[in-house]
2 protein chains.
Amino acid sequence: MDIEKRKSLEAAGWKVGDASDFLGLTSAETELVELKTRLALFAKEQRKTNQLSQETLAHKIGSSQSRVAKIESGDPSVSLDLIVKALLSAGTTRQELAQAILDSV
Amino acid sequence: MDIEKRKSLEAAGWKVGDASDFLGLTSAETELVELKTRLALFAKEQRKTNQLSQETLAHKIGSSQSRVAKIESGDPSVSLDLIVKALLSAGTTRQELAQAILDSV
DNA sequence: CTTTAATATGTCATATTTGACATATTAAAA
DNA sequence: TTTTAATATGTCAAATATGACATATTAAAG
């Protein structure tokens with residue numbers, strides 16, 4: 001993990017240890033954050049590929065446009081459950097999901 | 001989705017539509033439930049493979065033995081975030097995670 | 001430029017998830 | 001059996017995620 005990636009995660013609002021101690025994150029926690037970030041980007045790609053507006057996708061998942069925007073921006077208030085629900089609702093297959101997990105951030 | 005699978009999901013406490021209308025689940029929601037169920041089973045396998053007790057894994061993820069039991073039993077109160085954190089903390093690689101997603105329930 | 005559709009950002013009351021705890025059940029020794 | 005370690009189940013206050021809303025910003029026409 002280089003300094004630039006650390007800065008970008010902190011800038012995005014990710015909690016880092018108790019206050020701002022980045023070293024407080026276990027490697028599993030860091031991996032999870034990176035995985036969620038990757039899937040957030042992928043969710044945006046997939047929605048566009050399937051020609052859906054954020055508003056349309058929001059209705060499909062029973063949510064709102066603003067929350068879809070938060071999903072795609074990697075907002076730390078968004079759960080992995082919601083990211084995956086958005087992906088599946090946008091037409092992403094399990095195969096594509098699995099491949100996205102293999103891709104690095 | 002056959003009747004037996006429906007019954008098993010409902011018996012496990014999964015919310016189904018507004019009250020008990022199973023048909024109220026979208027296919028994306030059903031896929032997500034099945035995915036979480038698969039990963040819950042996989043989490044139990046991985047913990048055992050790596051010779052960890054629930055108590056030990058609980059400490060690694062900053063949680064408790066009882067919640068690890070809930071993760072592994074597919075309890076509906078457990079988030080996908082927590083399931084994946086448990087997997088990664090038990091030593092599961094991204095490759096193994098991706099493969100588990102491809103496996104059917 | 002102006003209009004209009006799409007996306008982003010901030011806030012908040014409500015809903016869901018959380019770790020912790022007590023306690024029950026099961027499994028493995030001794 | 002009895003003891004002891006491991007796992008399961010139920011509950012709850014606190015923490016976190018949620019949809020909804022207002023509004024700002026951006027993009028695409030016209």
Side-chain angles (χ1 to χ4, degrees), chain A residues 8 11-19 24-26 28-29 32-33 35-37 39-87 89-90, chain B residues 11-19 24-26 28-29 32-33 36-37 39-87 89-90:
Chain A
S8 71
W14 288 97
K15 269 235 201 76
V16 141
D18 47 358
L25 279 186
T26 65
E29 286 168 336
L32 180 57
V33 168
L35 178 60
K36 289 178 71 171
T37 300
L39 293 182
L41 293 173
F42 187 49
K44 185 165 195 165
E45 287 173 22
Q46 285 292 100
R47 175 182 59 80
K48 287 183 174 176
T49 295
N50 292 92
Q51 318 236 48
L52 303 168
S53 67
Q54 291 184 342
E55 182 71 29
T56 302
L57 179 57
H59 284 129
K60 281 177 180 277
I61 66 176
S63 185
S64 59
Q65 177 270 324
S66 62
R67 187 138 295 271
V68 172
K70 287 176 176 71
I71 290 170
E72 297 179 350
S73 71
D75 190 292
S77 81
V78 175
S79 72
L80 184 54
D81 296 69
L82 191 59
I83 297 172
V84 173
K85 188 193 281 189
L87 278 166
S89 296
Chain B
W14 288 98
K15 270 233 201 76
V16 141
D18 47 355
L25 279 186
T26 65
E29 285 168 337
L32 180 56
V33 168
K36 288 178 71 171
T37 301
L39 293 183
L41 294 173
F42 187 48
K44 185 165 194 165
E45 286 174 22
Q46 286 291 100
R47 175 181 61 79
K48 287 183 174 176
T49 295
N50 292 92
Q51 319 238 46
L52 302 169
S53 67
Q54 291 184 343
E55 182 70 30
T56 302
L57 179 57
H59 284 129
K60 282 177 181 275
I61 66 175
S63 184
S64 59
Q65 177 270 323
S66 61
R67 188 136 294 272
V68 172
K70 287 175 176 73
I71 291 171
E72 296 180 353
S73 72
D75 190 292
S77 81
V78 175
S79 72
L80 183 54
D81 296 70
L82 192 60
I83 297 171
V84 173
K85 188 193 280 189
L87 278 166
S89 296

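Treat the numbers as computed from the prediction; the structure is a model and nothing was measured.
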Establish, with yes or no, whether the OP1 or OP2 oxygen of [N] is under 4.0 angstrom from a side-chain nitrogen or oxygen of [X].
{"X": "B:Ser63", "N": "C:dG19", "result": "yes"}
{"X": "B:Ser79", "N": "C:dT18", "result": "yes"}
{"X": "B:Arg47", "N": "D:dT7", "result": "yes"}
{"X": "A:Lys70", "N": "C:dT11", "result": "no"}

Legend entry - B:Gln54 side-chain proximity, nearest of D:dG10, C:dA8, D:dT7: D:dT7

Side chain of [X], backbone of [Y]: donor and acceptor closer than 3.5 Å?
{"X": "A:Gln46", "Y": "A:Ala43", "value": "no"}
{"X": "A:Lys36", "Y": "A:Val78", "value": "yes"}
{"X": "A:Thr49", "Y": "A:Glu45", "value": "yes"}

Inset, instruction - Indicate, yes or no, whether a donor-acceptor pair under 3.5 Å links the base of C:dA8 to the side chain of A:Gln65. - result: yes

Inset, instruction - Go through the N and O atoms of the side chain of A:Ser64 and the base of D:dC21, and report whether any donor-acceptor pair is under 3.5 Å. - result: no

Taking any heavy-atom pair under 4.0 Å as a contact, classify [X]: base, sugar-phosphate, or nothing.
{"X": "B:Lys44", "value": "sugar-phosphate"}
{"X": "B:Lys48", "value": "nothing"}
{"X": "B:Val68", "value": "nothing"}

How close or far is atom [atom2] of [N] from atom [atom1] of [X], stated in whole angstroms?
{"X": "B:Arg67", "N": "C:dG19", "atom1": "CZ", "atom2": "C1'", "result": "7 Å"}
{"X": "A:Ile71", "N": "C:dA6", "atom1": "CD1", "atom2": "P", "result": "18 Å"}
{"X": "A:His59", "N": "D:dA20", "atom1": "NE2", "atom2": "P", "result": "8 Å"}
{"X": "B:Leu57", "N": "C:dG19", "atom1": "CG", "atom2": "P", "result": "11 Å"}
{"X": "A:Leu82", "N": "C:dT16", "atom1": "CG", "atom2": "P", "result": "14 Å"}
{"X": "A:Leu52", "N": "C:dA5", "atom1": "CG", "atom2": "P", "result": "18 Å"}
{"X": "A:Glu72", "N": "D:dT26", "atom1": "CD", "atom2": "P", "result": "17 Å"}
{"X": "A:Glu55", "N": "C:dT4", "atom1": "CD", "atom2": "P", "result": "18 Å"}

Legend entry - Polar side chain donor-acceptor pair, A:Ser77 to A:Asp75, under 3.5 angstrom: yes

Legend entry - Polar contact flag, side-chain donor to acceptor under 3.5 angstrom, A:Glu55-A:Gln65: no

Inset, instruction - Tell me which of A:Val78 and A:Ser66 sits closer to the 5' end of DNA chain D, going by the nucleotide each one is nearest to. - result: A:Val78

